[in-house]
Amino acid sequence: MAEVTFLEGLRQGLREEMERDERVFILGEDVGAYGGAFKVTEGFQKQFGESRVIDTPISEAAIVGAAAGAAHLGMRPVAEMQFIDFISCAYDMLTNYVATARYRAGLPTPMVVRGPCGGYVRGGPFHSQNPEAAFFHTPGLKIVYPATVRDAKGLIKSAIRDDDPVLYLEHKWLYRRIKAQIPEGEEILTPIGSARIAREGKDLSIVTYGATVWKSLEAAEVLEKEGLSVEILDLRTLLPLDDEAILKTVKKTNKVLIVHEDTRTGGLAGEITARINEKAFEWLDGPIMRVTAHDVPLPYAPTLEDFVLPQTDDIVTAARWLAGY
Amino acid sequence: MAEVTFLEGLRQGLREEMERDERVFILGEDVGAYGGAFKVTEGFQKQFGESRVIDTPISEAAIVGAAAGAAHLGMRPVAEMQFIDFISCAYDMLTNYVATARYRAGLPTPMVVRGPCGGYVRGGPFHSQNPEAAFFHTPGLKIVYPATVRDAKGLIKSAIRDDDPVLYLEHKWLYRRIKAQIPEGEEILTPIGSARIAREGKDLSIVTYGATVWKSLEAAEVLEKEGLSVEILDLRTLLPLDDEAILKTVKKTNKVLIVHEDTRTGGLAGEITARINEKAFEWLDGPIMRVTAHDVPLPYAPTLEDFVLPQTDDIVTAARWLAGY
Amino acid sequence: MPGSTSASKAPPIPAGLNRDQLLEIYRFLRLTRTLEERLTALYKQSKVIGGLFRSLGQEGESVASAYALERGRNRDFLSPLIRNLGSLLVMGGKPLQILRQYMAKDQSPTRGRELNVHFGDLEMGFLGQISHLGDMVPVMAGITLTFKMRREARVGLVYIGDGATSTGAFHEGLNFAAVQRCPLVVIGEYNGYAYSTTPERQFAVKNLADKAKGYGIPAVTVDGNDVLAVYEATKYAVDRSRMGKGVHFVEVKTFRMKGHAEHDDQHYVAKADLERWAKQDPIDRYRNQLLTNGWAEEQDLKDIDNDVRDEIDQATDACVNEPLPPPESALTGVYADPPAAERLWFRGMNG
Amino acid sequence: MPGSTSASKAPPIPAGLNRDQLLEIYRFLRLTRTLEERLTALYKQSKVIGGLFRSLGQEGESVASAYALERGRNRDFLSPLIRNLGSLLVMGGKPLQILRQYMAKDQSPTRGRELNVHFGDLEMGFLGQISHLGDMVPVMAGITLTFKMRREARVGLVYIGDGATSTGAFHEGLNFAAVQRCPLVVIGEYNGYAYSTTPERQFAVKNLADKAKGYGIPAVTVDGNDVLAVYEATKYAVDRSRMGKGVHFVEVKTFRMKGHAEHDDQHYVAKADLERWAKQDPIDRYRNQLLTNGWAEEQDLKDIDNDVRDEIDQATDACVNEPLPPPESALTGVYADPPAAERLWFRGMNG
Ligand SMILES: Cc1ncc(C[n+]2csc(CCOP(=O)(O)OP(=O)(O)O)c2C)c(N)n1
Ligand SMILES: Cc1ncc(C[n+]2csc(CCOP(=O)(O)OP(=O)(O)O)c2C)c(N)n1
Ligand SMILES: [Mg+2]
Ligand SMILES: [Mg+2]
């Protein structure tokens, strides 16, 4: 059983679904001949042909809109945004057309929009974004955000099989940094809408997703040595949120730290805080606290990016404070 | 001192700023010859000429982008979205170009984007939207949302004078429904970033903005008769939030109901809850609760719209429950 | 009988149409106008919820362009705009559906969720627009790309207003379809206005057809109030696209005879223009054409007019008193799974 | 001295240029290439943070088009793309600024916040792009609309890649500028690729100039590797726009001689194309032109080459060891007021 990277897990999932179901096709900028800016679809055009791996013009709105049209007719398009930052050019198409299609007109729109997101890579303000908050506010859309190799594979497969539009966010910092063994033959289908306990603990819960799952795990190691037992919940699906899993860990540890890479104001931590507050107010032994990026566009210089984004030390500091509350 | 409508207050503010400062100009679809879909700029082209009241093509991205270019050179553009729902077509331009301009390149971008928003008017899914949550997550942008005639005037004037880009949201349900007297000669400049106590109370606080300020006031009347004294905070500015005013009312009544017309998941109530929770946890005598729209696209039929949107009765019900907590 | 005898004396019918088809087209034209007149009456009685958008003067191009498609289950496909009520009827949309949509009835195709012609039927081959102009062009690019991928000999048709050609979505969608050589026909509706905005303030070209040059697709401009001319031009484009020759642009020159919507008194439109174009009414012109060429008798058309009125009377009676959707139905169908959105905590608590 | 004598025997210099200007142009060409070569060296030493984008083969069109503008404080204005380093230098950008940008130094124009050529100077008249392609076209429409509103005889110039013409922003911005008759010149860079995508997969027209027809603006196509031809075509367009005649489109046919960025080995590019275009190198061609026409002496050019090398050596030495920005500086300048963003609670708590 070979070790594969996060990126390879995603690639395997895509390939398996394309082999399984001929309705699945890929469209995006440079996904064909070049195999995608990060090589996620390398070799796909050779294997599946030009009509199933389509190099498009630089037209994010058209890519998403065309995917929607195909999906209405029963196809299963997977649209790549070269960097997820450019999804902002398809914001109208995704939120107004795609997400509402089933509700307003009973139109099935099974499609996936995926792309590399996230910082810690010196990408500057337009190659590092985390767009989840902008789409989290969109009934009709689902959002998944894998943190592990297994979920990278399992969630792309489930997203493609889902009957509704799914935004699949892949953190480029994880692409080649995270490796794991995944069984060859196994059909991995991570259920959409269910979180995962990334680490068991009893004193304090960290609710997080994406790259900060790994930073939280590092922090937990440090805190363990200090005798603090931290539980880590990896949300995996952001929309719909797994309220049950969130409330379960809250009721277990009674203290919650929400960690995300996205900026604080308007980030997902707000909604999660509100839900815990509404449904488990009596269970809280301390305020629900947030460790997030600072409220600025993400700068490019390493010193600045490192300051703006949440780091392992920040999680350690915040957890210590909350534990002592 | 004559009674004027919310819309007339806005119009007065716009006209006064254009008369005061020749750098101010208006651009948008049908704002000139027609005076705007809701007649906000009626008569402006006659008074100020075609070069200061510009009818544009149907190109929201170009309208916002062109406004930004003009603002860089010291102009004070006011861009109208015919309905705020169409701002989604300028999402990239506003969030990536306009909002980051000062931070990334020191570019001053003093401009206003304004337009009619909100429901309760049988407008259906694409003529009723509340876009604040989508832009609330954008450092560099400011968002104001007046509820009174006085603030309709005072906030448009302050927005035009602000040195940064401001999104000015005007609820079309208030346009002609709300009337008040505003002194002729007075220079009204509502400060951006400061909330307003819409009603004094001691038992429970309602934090809200826009049309639901009025529904909350109705609810407070009902509750008053039951001996429940409700304080209502009208946020007026959504970005940046007036944390001080929010914490003040929380510490006064120790119970908070957040009311907004926008859908629940990802709506502003989440962020407000998180801030109160972080900064006034010990002051809470009950969970922070939310009264919001249901998580669906806004349907068109009166029976459906009325069900989806928060109504005065809902606020009464929720307040009673929280008071009894 | 008179019909046939006169037909025998008559000049040949153009565009490969036969007499029954000519009458069918007339029926759709009349149906469109009569239905809109009925809607106007209902609007005045405030039975219509929200705005009312008329296609007066544009029924010809709508009906004729749609009529050039192959209709029926899983055949050709189109996406109509607010002023393409006629196209929608041609594709199989029913007056009863339209009336229910405008009155937001529970029985309406969207169960009261969306307005007017914003509904579709994937099998019958029409897709409701959303309000955001231009967005249907990329979507129809995807529909027709699918036809091509599946090697189905089907064609898609999408309408775009003179004003909406200024949107980024129109550009991206049309360019995408042109590069992919999708079987897509685009009908550009030059009707003189975008709300109150004239073409001179909308673009710097004279004809919408000029814009096609930037996409490497053929284009033609026709008199949009000449029913048979529009049919012929569209039929040519449709056949060509069906043969795998890619996108084709058809510009129809017409005029919006009413305001943007009923609330708009169009004070900004010159009386003279309205009068000039009134003489060019597409239905009157078509009617005369049928009679003077002897392709139809006065009586044939009268009969159709009466049929249509009856149909719309019946449709109106059938639905005008129908109930609106039940409130709770608002929560269903956001996703396939979960089947319903959460009912919020403050509802149904006995306050 | 030899310079002048040879110049006297020489054929007249075209496009109203004089000998000093020819040499100044040469200097900018050399400066661009030498600076990029230096950046490549620094990139290999991983002193450059993030990617490196080369304009090899496109220095000619960049420098020549920018050179057609009136330069100096509050004169003409341009917005360069990633491959318009040369244009930026012509407008007064300094190698020291570029080097600092690429190395994210505290002293860089954006204080380490933005990458490479993503910076501007409103007074000198250049505006940094953002990554989102096409977005600078609407912004430059607004810049030039302002010139027009203020009756200033100033012109704006914006670049657009062959690939970026597919964006909605390009369409909306260009159409807006065309309708408003803004004094804007658009340089369309046909360099054969958009990352790995060829023009055939990007649009269905042969030339970018064909796209101008859809906007009602004049367009011309020139050999992008012929420095004087690009200068002449752009100068004509700039003069015309300055006279109030509106938008003008200039297409330059050129070739991207390196990958999309340094990481890209451009395996998808045919060797033959690279070899053919290598022979068309704009700097070599211009150099020969100067010498064979006797507009310059070998020695003049050698002197410039050496000057340039010295300038870049000095600039490199001056900044290569400069510090990166202090971390806390990340919080300032999101708004004019408040002056700084909140430092979050978990920072500087003694953990
Ligand atoms: C993206 C977008 N911006 C603005 C509007 C508001 N709007 C609705 S119809 C209309 C005018 C449309 O004109 P045109 O495309 O010529 O169609 P016509 O009404 O003439 O049939 C406008 C501006 C919209 N629906 N979508
Ligand atoms: C809206 C948007 N989509 C995608 C990208 C990613 N991207 C960066 S450069 C590039 C290719 C640009 O090609 P072209 O416009 O021809 O410019 P060139 O690189 O050839 O100079 C792409 C797709 C982007 N920057 N912006
Ligand atoms: Mg029109
Ligand atoms: Mg290119």
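Chain A is the first sequence line, chain B the second, and so forth, proteins listed ahead of strands; every chain is numbered from 1. Side chains included, hydrogens not; waters and symmetry mates left out as well; all remaining heavy atoms used.
Side chain of A:E305 to backbone of A:R122: a donor-acceptor contact under 3.5 angstrom is found. Looking at B:E29, its side chain never comes within 3.5 Å of a backbone N or O of B:T56 through a donor-acceptor pair. In this structure a side-chain-to-backbone donor-acceptor pair under 3.5 Å is missing from B:E261 to B:T212. Judged purely by atom type and a 3.5 angstrom limit, A:R114 has no side-chain atom pairing as donor or acceptor with the backbone of A:M81. Side-chain atoms of B:D85 come within 3.5 Å of backbone atoms of B:S128 as a donor-acceptor pair (strictly under, hydrogens ignored). Proximity of a side-chain donor or acceptor of B:H171 to a complementary backbone N or O of B:G210 within less than 3.5 Å is not detected. Between the A:H72 side chain and the A:P108 main chain, a donor and an acceptor come within less than 3.5 Å of each other. The backbone N or O of A:A269 lies less than 3.5 Å from a partner atom in the side chain of A:H260, making a donor-acceptor pair.
Counting heavy-atom pairs closer than 4.5 Å to chain A, the top residue among B:H137, B:M289, B:R264 is B:H137. Most heavy-atom pairs under 4.5 Å with chain B, from the set A:G124, A:G270, A:P299: that is A:G270. Per-residue counts of heavy-atom pairs under 4.5 Å with chain A were compared for B:C89, B:A90, B:G286, B:A280; the largest is that of B:G286. For the set A:L284, A:V296, A:N277, the count of heavy-atom pairs under 4.5 angstrom toward chain B peaks at A:N277. The most heavy-atom pairs under 4.5 Å with chain B, out of A:I87, A:T138, A:I288, come from A:I288. Taking chain A as the reference chain and counting heavy-atom pairs below 4.5 Å, the highest number among B:F86, B:F136, B:F281 is found for B:F281. The choice from A:I276, A:T265, A:D295, A:T273 that makes the most heavy-atom pairs within less than 4.5 Å of chain B is A:T265.
For A:D262, the part sitting under 4.5 Å from any heavy atom of chain B is the side chain, from C-beta outward, and nothing else. For a residue to count as touching a neighbouring chain, one of its non-hydrogen atoms must lie under 4.5 Å from one of that chain's; by this rule A:Q129 touches chain B with the side chain only. Interface remark: B:I272 contributes no atoms to any contact with chain A (heavy atom separation under 4.5 Å). With a threshold of 4.5 angstrom between heavy atoms, A:L268 does not approach chain B through any atom at all.
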- Item | Verdict with reasoning, B:I143 to B:L169, per side-chain contact (heavy atoms from CB on, under 4.5 Å) | CA-CA 8 Å; B:I143 307 176; B:L169 301 173; 3.9 Å; yes
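Across every non-hydrogen atom of A:A79 and A:I63, the tightest pair is CB-CG2, 3.7 Å. Here the closest non-hydrogen pair linking B:Y120 and B:A211 is CE1-CB, 4.3 Å.
A side-chain donor from one of A:N130 and A:Y145 sits under 3.5 Å from a side-chain acceptor of the other.
In this structure, B:F135 has its ring center closer than 6.0 angstrom to the ring center of B:Y91. Separation of the B:H127 and B:Y300 ring centroids does not fall under the 6.0 Å cut-off.
Residues of residues 243-259 of chain A never come within less than 4.5 angstrom of chain B, heavy atom to heavy atom. By a heavy-atom distance cut of under 4.5 Å, B:D92, B:N96, B:T100, B:Y103, B:R104 are the residues of residues 92-104 of chain B near chain A, going up by number.
Between B:C117 and B:P131 there is a side-chain heavy-atom pair separated by less than 4.5 Å.
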